[in-house]
Structure formats: C-alpha cells, structure tokens
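Worksheet: one structure, shown below.
These numbers come from the heavy atoms of this one structure, side chains and all, not from hydrogens, waters or symmetry mates. The chain is numbered in sequence order, starting from 1. Start at 1 and go down the list; that is how both ligands and their atoms are numbered.
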Amino acid sequence: MRNVNEDTITKIALAYHAHAEDPRFKQIMTGAIQHLHAFARDVALTEDELYQGIQFLTDVGHITDEKRQEFVLLSDALGLSMLVTALNNRKPAGCTESTVFGPFFVSNAPRYENGGDVANGAKGEPCFVSGRVMGLAGEPVPNAHIEVWQADSEGFYDIQHDGAESKARGSLRSLKDGSFHFRSITAESYPIPYDGPVGRMLKALGRHPWRPAHLHFMIEAPGYERLITHVFREGDRYLDSDAVFGVRSSLIADWKHHERGTAPDGTRVDTPFSTLDFNFVLNRAAAAVPHRSNAA
Ligand code: BEZ
Ligand code: FE
C-alpha cells in the first residue's frame with residue numbers, strides 16, 4: 001500500500017496481518033497496534049520523544065541478564081503486572097488473594113523439612129513462620145508444594161548478592177493436616193532496584209521505589225489452582241504506596257514481636273524474634289473433581 005498517511009496507517013497496519021496464523025497472536029497484536037497508535041495521537045508524540053522511548057527500552061534490555069530482569073521490573077512499576085494478576089486470578093470470596101510474582105523467584109530452591117531454617121544464614125532478625133494450607137470448605141491440603149522467598153534485612157534477595165548460595169528461600173511440603181512451619185528472618189521494607197532505567201523513570205515521575213515488608217509464597221497442590229502471593233507486615237509505612245501496587249488488605253498479617261527467649265519450636269533464641277501465623281485458602285482448579293465434602 002502506498003501513500004499511507006496519519007489517517008489511514010492504523011487500518012492498513014492491521015490489514016497487513018489479516019492472515020496471521022495464530023488467532024490469539026493476531027488479536028493481541030491488533031490491540032497493541034491500535035493502542036500504540038492511539039497513544040501517539042493522544043499525546044502528539046514527537047520524533048525525539050519516540051527516540052527517547054526507544055533508547056529507554058534499549059537501556060532496559062542492556063541491564064537485563066539472568067540475575068536482573070528489568071523488563072519485569074518495568075511491568076511491575078507500571079502496574080501492568082498487577083493488572084494482569086488481577087484479571088487472571090478472580091476467585092470466590094474466602095480464597096487467599098493473589099499478588100504480583102516479582103523478578104526474584106528462583107526455581108529449584110533448596111528443599112527443607114518442616115521446622116527447617118530457610119534463612120540459611122541470611123541477615124535478619126529470626127522469624128518463625130507457621131500456617132495451614134486449606135481448601136475453601138476448610139479441608140486440609142496435605143503435601144502441598146510451598147515455595148517461600150524474601151529479601152534480607154539489608155533489602156536484598158540472595159541473587160542480588162555476589163555469592164551463589166541460596167538464602168532466605170526454599171521449598172517445603174505441608175503436613176497431613178495441611179500445616180507447615182519453618183524458620184526464616186523478619187521481612188523488612190526494601191526498595192525495588194532503582195539504579196537502572198526503571199529507577200530513573202520512577203525518579204522522573206516523583207515516585208519512591210519502596211515495597212512494604214513481605215514474604216513471598218507460591219503454593220501448588222493437585223486439584224487446586226496455583227497460588228502466588230505475599231504476606232505483608234501490619235504497620236509497615238509503605239502499605240499504602242507499594243511501588244508495584246501489590247498490597248491487598250486480606251494479605252496483611254500481624255508479625256508478633258518477641259523478646260529473646262524460647263521460640264515456638266522450643267529452641268532458645270538469644271535475640272529478639274518475630275512469629276507469623278498465616279493460613280492459605282486455595283481455589284479449586286476448574287477441571288478438578290469435587291472434593292467429597294463438597295459433593296452433594
Ligand atoms: C518483589 O517483591 O520481590 C518485587 C516485586 C516487583 C518488583 C520488584 C520486586
Ligand atoms: Fe519481594
């Protein structure tokens with residue numbers, strides 16, 4: 001097509017992919033082109049601004065490697081990740097809400113038995129975490145695969161440190177009654193990485209990079225939907241201004257503070273410590289056979 005102009009270009013660009021093989025890909029690209037063109041018209045984008053935008057995305061790509069995912073960070077900081085999480089995780093009342101996954105999950109984290117110390121030497125005040133994994137009818141979910149990960153008291157995940165050792169992350173299984181317990185460190189608020197292009201963007205927008213203190217969980221069990229969520233710490237100053245929009249009221253818990261003494265697992269702790277007890281309610285997977293107690 002020749003003589004394409006500002007009035008005809010959107011329609012023509014869409015017509016060019018009329019025969020795309022994958023209908024879902026075609027639908028996504030149609031929406032993306034329509035919205036990108038509408039955005040350029042809306043803000044009357046200049047050539048210089050388009051170039052700056054391209055340069056910004058180039059910088060995001062350059063700083064991204066296997067340890068740092070700046071594109072995920074960008075999606076998180078723009079609220080896109082949390083929007084997609086919300087769109088894809090509508091659940092019946094009573095189920096634990098999902099929240100943003102973030103860029104710091106690592107697969108094949110070390111396995112722990114219940115009672116194990118997931119901190120593995122990470123810096124921080126000891127925290128003793130317990131809870132139960134359940135279904136909506138209150139049925140225990142035994143043998144659920146539980147992944148936990150968190151930042152240390154300096155605000156860094158293990159993969160942000162130079163050492164290769166896994167710290168403050170691990171996996172364990174729920175027991176017969178759905179319960180689990182482990183030792184870790186008390187979560188503290190921390191800034192998302194802001195020494196790169198996303199940090200520059202936040203600064204230019206007059207935004208802070210902080211996330212309220214939280215502990216990440218991913219829980220999987222046959223017959224149930226996978227749950228990706230956090231537990232947030234009541235009282236944190238950033239609960240109402242999370243840099244990645246992830247806070248849900250139902251995910252805020254009281255992390256009880258204790259002076260040194262005997263921990264819930266009977267061990268002696270010579271420093272102050274905290275305890276957290278939080279139950280997770282999984283949504284049944286769409287195709288799952290109804291649980292006995294639900295079948296009528
Ligand atoms: C996190 O909680 O690990 C996280 C989430 C989004 C962006 C950066 C960090
Ligand atoms: Fe986090």
Side-chain angles (χ1 to χ4, degrees), residues 59-61 63-89 96-107 109 118-120 122-125 127 129 146-161 166-171 182 184-203 205 207-219 226-234 236-248 250-253 255 274 276 278 280:
D59 293 346
V60 171
I63 204 171
T64 295
D65 59 21
E66 67 285 351
K67 285 193 167 175
R68 175 152 181 172
Q69 233 308 350
E70 196 81 357
F71 282 107
V72 174
L73 206 58
L74 177 61
S75 165
D76 296 342
L78 293 177
L80 181 61
S81 304
M82 196 54 215
L83 170 62
V84 173
T85 295
L87 290 173
N88 287 279
N89 290 279
T96 303
E97 293 187 270
S98 301
T99 191
V100 64
F101 193 40
F104 295 123
F105 174 75
V106 174
S107 45
V118 166
N120 191 28
K123 281 189 189 160
E125 177 191 84
C127 177
V129 183
I146 304 170
E147 297 268 356
V148 292
W149 67 106
Q150 69 171 113
D152 62 21
S153 61
E154 292 176 349
F156 295 112
Y157 285 79
D158 52 2
I159 53 171
Q160 295 176 282
H161 290 294
S166 279
K167 291 185 176 186
R169 73 171 71 244
S171 71
F182 60 91
S184 190
I185 47 175
T186 306
E188 307 284 353
S189 43
Y190 67 87
I192 63 172
Y194 61 94
D195 58 342
V198 171
R200 289 204 307 275
M201 178 190 80
L202 293 179
K203 193 155 183 255
L205 289 171
R207 289 178 49 182
H208 73 69
W210 289 85
R211 297 216 65 206
H214 60 272
L215 181 51
H216 292 258
F217 281 89
M218 178 161 77
I219 303 180
R226 180 169 71 175
L227 172 66
I228 295 174
T229 195
H230 309 351
V231 182
F232 293 93
R233 201 170 145 195
E234 181 62 272
D236 191 286
R237 62 186 291 203
Y238 298 111
L239 283 172
D240 290 306
S241 65
D242 181 8
V244 301
F245 313 97
V247 179
R248 321 290 306 163
S250 67
L251 301 176
I252 302 173
W255 302 49
S274 66
L276 167 68
F278 196 86
F280 296 91

Answer yes or no: does an N/O atom from Asp76 fall short of 3.5 Å to an N/O atom of ligand 1? no
Got a sec: does the OH of Tyr194 have more than 12 other heavy atoms crowding it under 6.0 Å? no
Could you tell me, atom by atom, which parts of ligand 1 come under 4.0 Å of a heavy atom of Ile192? 7 (C), 8 (C), 9 (C)
Pull out every atom of ligand 1 sitting under 4.0 Å from any heavy atom of Tyr157, numbered as shown with elements. 1 (C), 2 (O), 3 (O)
Do any of the N/O/S atoms of His214, backbone or side chain, fall under 2.8 Å from the Fe ion (ligand 2)? yes
Heavy atom of Val100 under 4.0 Å from ligand 1? no
Shortest protein contact, atom 2 (O) of ligand 1 (heavy atom only): Arg211 NH1, 2.5 Å
Under a heavy-atom criterion of less than 4.0 Å, does Phe101 contact ligand 1? no
What class does the angle between the rings of Tyr157 and Tyr190 fall in, given that below 30° is parallel, 30 to 60° is tilted and above 60° is perpendicular? perpendicular
In ligand 1, the atoms that come under 4.0 Å of a heavy atom of His216 are 1 (C), 2 (O), 3 (O)
Quick check: are there more than 12 heavy atoms from other residues, nucleotides or ligands sitting under 6.0 Å from CG of Asp240? no
Near-ring test His208/Tyr238, centroid separation under 6.0 angstrom: yes
Any atoms of ligand 1 less than 4.0 Å from a non-hydrogen atom of Leu73? List them with their elements. 7 (C), 8 (C)
Can a non-hydrogen atom of Tyr190 be found less than 4.0 Å from any atom of ligand 1? yes
Atoms in ligand 1 flagged as close to Phe104, the criterion being non-hydrogen separation under 4.0 Å: 3 (O), 9 (C)
I need the atoms of ligand 1 closer than 4.0 Å to a non-hydrogen atom of Val244, numbered in the order shown. 6 (C), 7 (C)
Around atom NZ of Lys123, are there more than 12 heavy atoms of other residues, nucleotides or ligands at under 6.0 Å? no
Looking at atom 9 (C) of ligand 1, what's its closest protein heavy atom, distance included? Pro103 CD, 3.5 Å
Can you say whether the rings of His230 and Phe232 are parallel (under 30°), tilted (30 to 60°) or perpendicular (over 60°)? tilted
Hey, what's the ring geometry for Phe156 with His161, parallel, tilted or perpendicular (30° and 60° as the breaks)? perpendicular
Show the numbers, then the answer: is there a salt bridge (Lys or Arg N to Asp or Glu O under 4.0 Å) between Asp76 and Arg211? CA-CA 11 Å; Asp76 296 342; Arg211 297 216 65 206; over 6 Å; no
Heavy-atom nearest pair, Leu227 first then Thr96, reads CD1-O, 3.5 Å
Here the N/O/S atom of His216 closest to the Fe ion (ligand 2) would be NE2
May I ask you to check whether over 12 heavy atoms, not counting those of Arg207, lie within 6.0 Å of atom CZ? yes
Quick check: does Gln150 put an N/O/S atom under 2.8 Å from the Fe ion (ligand 2)? no
